[in-house]
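Quick notes on the structure that follows.
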Protein chains: 2
Amino acid sequence: MAKSTHAAASAPAAHAAAARPATSAPASTGAPAAQRGVTMADVAKAAGVSRTAVSFVLSNRENASISEETRTRILETVQVLGYRPNAGARALASQRSDWYGIVTEIVTAPFAVDIIKGAQDQAWLHRRFLLIAPSDQADATGPNQGMEDAAVEKLLEQRVEGLLYAATYHRAVHVPKSANEVPTVLINCFDADGKLPSIVPDERAGGRVAVERLLQAGHSRIGVINLDPDIPAAVGRLEGCREALAAAGLELDPELVVSGHATADGGYEAACEILDKYQAGAGRPTALFCLNDRMAMGAYDAIKERGLAIPQDIAVIGFDNQELIAAYLRPKLTTVALPFEEMGALGVQTLASLTAGQPITAHQQMVDCPLLERYSV
Amino acid sequence: MAKSTHAAASAPAAHAAAARPATSAPASTGAPAAQRGVTMADVAKAAGVSRTAVSFVLSNRENASISEETRTRILETVQVLGYRPNAGARALASQRSDWYGIVTEIVTAPFAVDIIKGAQDQAWLHRRFLLIAPSDQADATGPNQGMEDAAVEKLLEQRVEGLLYAATYHRAVHVPKSANEVPTVLINCFDADGKLPSIVPDERAGGRVAVERLLQAGHSRIGVINLDPDIPAAVGRLEGCREALAAAGLELDPELVVSGHATADGGYEAACEILDKYQAGAGRPTALFCLNDRMAMGAYDAIKERGLAIPQDIAVIGFDNQELIAAYLRPKLTTVALPFEEMGALGVQTLASLTAGQPITAHQQMVDCPLLERYSV
DNA sequence: TTCTTTTGGTAACGCGCGTTACTTCGAACG
DNA sequence: CGTTCGAAGTAACGCGCGTTACCAAAAGAA
């Protein structure tokens with residue numbers, strides 16, 4: 001709780017009470033410094049025109065008839081006075097807020113940030129603001145439904161034009177009811193009731209591309225370090241794995257599939273089990289497909305412990321592209337990336353279509369998981 | 001760019017054109033479903049009172065005289081109609097927006113998310129909304145000043161009551177001029193002009209606590225894998241290191257300080273240099289203080305390559321607490337954490353004081369960097 | 001009984017802006 | 001010379017709400 005905050009030795013002056021007084025300095029020098037609270041009426045008065053004229057000029061109205069002369073005069077006045085439009089007032093008058101809301105679990109999120117970034121960038125391009133509301137809260141006792149409802153409620157109070165609902169791992173979710181009042185798109189998750197449009201990673205294609213890469217490198221006996229077999233990610237990735245093998249006329253040996261806890265330790269143990277089951281050349285796999293990068297990290301240790309080299313003796317391929325792991329393991333990990341940024345961006349695009357009343361391409365959109373080649377295959 | 005979006009096989013129904021029509025259903029059944037666009041006036045009419053009365057009740061006015069009877073009647077009507085206050089209109093009328101803005105580099109940020117989370121949580125507790133604006137943008141050519149100005153400008157258009165400016169690594173920054181129009185607090189950086197209040201990690205105390213831990217474990221000859229010696233983080237941490245040694249009557253041997261690139265590879269090379277400079281027992285350090293976790297990751301490899309055990313032969317301590325590295329290395333890395341969340345939270349608290357006109361405790365507040373004990377010492 | 005105070009409200013203004021309907025004026029037209 | 005018409009601009013309303021000033025009736029006080 002960061003109690004020990006003390007004055008810094010390095011900062012010479014101690015502007016302690018730096019709070020700005022809220023008093024308005026009515027008419028300062030004619031400096032171009034933006035004065036607080038300059039309104040459209042002020043601009044109008046200073047330019048000697050009506051407020052309406054200013055509004056017309058600033059909103060670039062097509063069929064407004066304003067002479068080029070007054071037009072430039074108004075724009076100059078805007079500059080001089082440092083006028084800045086009031087987004088809230090504009091929203092009130094025009095009945096459109098230019099805001100989207102996103103509710104997501106920030107706390108437990110190594111990935112949420114990527115979704116947010118993708119969405120944020122795209123929203124910025126669409127000249128929209130993205131309001132972020134946490135669906136989990138520090139002082140709440142776990143991620144409770146109450147928080148989510150409150151988050152959606154707060155967002156709706158801000159009159160967001162659309163809602164994004166993002167999960168940090170691919171799964172089915174229940175979205176608060178009030179989300180129905182506004183166009184809503186799910187990201188990295190799907191509606192358990194099947195009503196809302198969603199955007200998810202194409203796990204199956206990802207699994208396929210991973211195993212295809214191993215096959216292409218000449219491996220035919222491939223071990224799989226599996227996640228909890230019930231979650232959508234595991235189902236899809238394993239299915240893709242089977243497809244790739246089948247296309248090469250191979251089958252997945254159930255003996256070579258080991259499920260473990262989705263951690264480095266879990267990966268370590270699973271890798272040990274697979275590696276110790278066979279002798280080299282006598283059925284021992286020459287490649288490991290780890291269904292996430294954390295497990296790949298553990299597998300690395302198991303492999304190195306046995307004096308084996310990556311990728312010469314055993315090739316490893318991961319999933320997720322957890323940057324801080326994959327890019328810093330030695331050798332760097334070849335892995336399949338989860339397209340969080342793209343999903344975030346696509347979410348905003350979909351929302352934009354929806355709010356514009358346009359049809360969307362599909363109820364559930366799947367985004368490719370690209371292979372990231374590094375040095376472990 | 002996520003081109004291949006195709007209909008999902010798993011989603012049965014194809015609610016393709018799910019766009020909601022914007023037509024208002026004037027008087028639906030008396031269902032309790034929240035009708036879009038219920039206003040305070042609607043509530044007033046339905047409850048048979050004036051709009052003022054509703055406003056008084058909803059804002060819990062102290063000295064308003066509303067009988068308990070009408071009060072409950074109003075509240076019931078609010079429930080029934082599903083009235084939801086319009087935050088924008090409220091902001092306009094009350095001249096306070098309840099919004100803070102934060103501008104930060106999301107792109108290049110393994111850490112920015114933590115700052116945001118801390119700030120977000122705290123803002124939520126203060127019943128404030130946090131608007132996030134990116135200071136770097138996907139299509140921009142690098143982090144340019146133009147983007148930052150635009151970000152601040154956009155935030156001010158939203159009439160944020162205060163501004164947070166966050167960097168992802170501790171450094172001096174230049175803040176856009178217009179930030180002066182509103183209370184502003186810097187997080188994980190400081191104003192090059194020395195005007196704005198800031199919140200930074202106490203690097204020196206962090207360096208001290210790290211080395212104290214090593215000393216306590218019986219190490220007296222400690223190697224240091226340094227960052228670029230010029231950045232504030234390196235200066236502070238090294239200073240703390242010297243202090244701890246001095247307190248134990250020791251001095252820092254310049255021979256044992258090696259600077260490297262702030263990556264795993266840089267750490268690997270630096271560690272190799274230190275380890276190969278001496279024989280075991282003949283001056284070779286028994287512990288390494290790595291000034292960040294990525295370098296510690298490389299150091300691990302150098303140590304293991306030489307057949308040495310962590311922490312039995314060589315103890316390692318890191319800095320930053322980059323979760324995905326520190327918590328998954330084997331053995332798990334003891335490190336000093338950068339208090340991003342705390343800094344974010346403290347930033348909002350400071351902003352709250354500032355906007356309330358209260359004095360703040362110090363121009364620059366330093367937040368402790370706690371030691372995280374794991375298994376590498 | 002008359003005057004004052006309290007209780008329980010309401011009318012009306014303004015926040016900053018988008019938007020529609022209207023006015024004025026000079027030029028072209030018949 | 002009267003009429004029409006476009007150009008240039010303005011008055012005024014309303015978005016949803018906070019807030020101040022005011023009012024009517026009931027309850028005490030003198």
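Chain naming here is simple, since letters A, B, ... match the order of the sequence lines and numbering starts at 1 in each.
The residue among B:R90 and A:R73 whose nearest nucleotide of DNA chain D is located toward the 5' end is A:R73. Both B:A93 and B:E68 lie close to DNA chain C; mapped to their nearest nucleotides by heavy-atom distance, the more 5′-ward contact belongs to B:E68.
No side-chain heavy atom of B:I187 sits less than 4.5 Å from a side-chain heavy atom of B:T104. Two residues are said to be in side-chain contact when any heavy atoms from C-beta on lie closer than 4.5 Å; A:L351 and A:P183 meet this criterion. Annotation: side chain of B:I132 is in contact with side chain of A:I132 (closest heavy-atom distance under 4.5 Å). B:H126 places a side-chain heavy atom less than 4.5 Å from the side chain of B:Q349. When side chains are defined from C-beta on, A:T361 does not count as touching A:S353, because their heavy atoms never get closer than 4.5 Å. Contact annotation: the side chain of B:S65 never approaches that of B:F56 to less than 4.5 Å [non-hydrogen atoms, C-beta and beyond].
Of all nucleotides in DNA chain C, those with any atom nearer than 4.0 Å to a heavy atom of chain B start and finish, going 5' to 3', at C:dG8 to C:dG16.
Inspection of the A:Q158 and A:S97 side chains reveals no N or O donor paired with an N or O acceptor under 3.5 Å. With hydrogens and angles left out, the side-chain atoms of B:T72 and B:E76 include no donor and acceptor closer than 3.5 Å. Side chains of A:S67 and A:T70: a donor-acceptor N/O pair is present below 3.5 angstrom, by distance only.
Every pair tested for salt bridge (Lys or Arg N to Asp or Glu O under 4.0 Å) that includes a residue from residues 41-67 of chain B fails, sequence neighbours excluded, so the list is empty.
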Go through it in stages, so that I can follow the logic: the residues are A:Y100 and A:L163, the test is side-chain contact (heavy atoms from CB on, under 4.5 Å), and I'd like the CA-CA distance, side-chain angles, deciding distance and then a yes or no. CA-CA 6 Å; A:Y100 292 154; A:L163 228 38; over 6 Å; no
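DNA chain C is contacted by B:V49, B:S50, B:R51, B:T52, B:A53 of residues 44-55 of chain B, taking any non-hydrogen atom closer than 4.0 Å. Heavy-atom distances under 4.0 Å link DNA chain D to A:S65, A:I66, A:S67 of residues 59-67 of chain A, given in residue order.
Here B:R90 pairs with nothing under the salt bridge (Lys or Arg N to Asp or Glu O under 4.0 Å) rule; sequence neighbours left out.
One axis for each end of the helix from C:dT1-D:dA30 to C:dG30-D:dC1, each built from five base pairs, and the angle between them comes to 60° at 10° resolution.
Ion pairing of B:K154 with B:E157 is present here, as a side-chain N (NZ or NE/NH1/NH2) and a carboxylate O approach within less than 4.0 Å.
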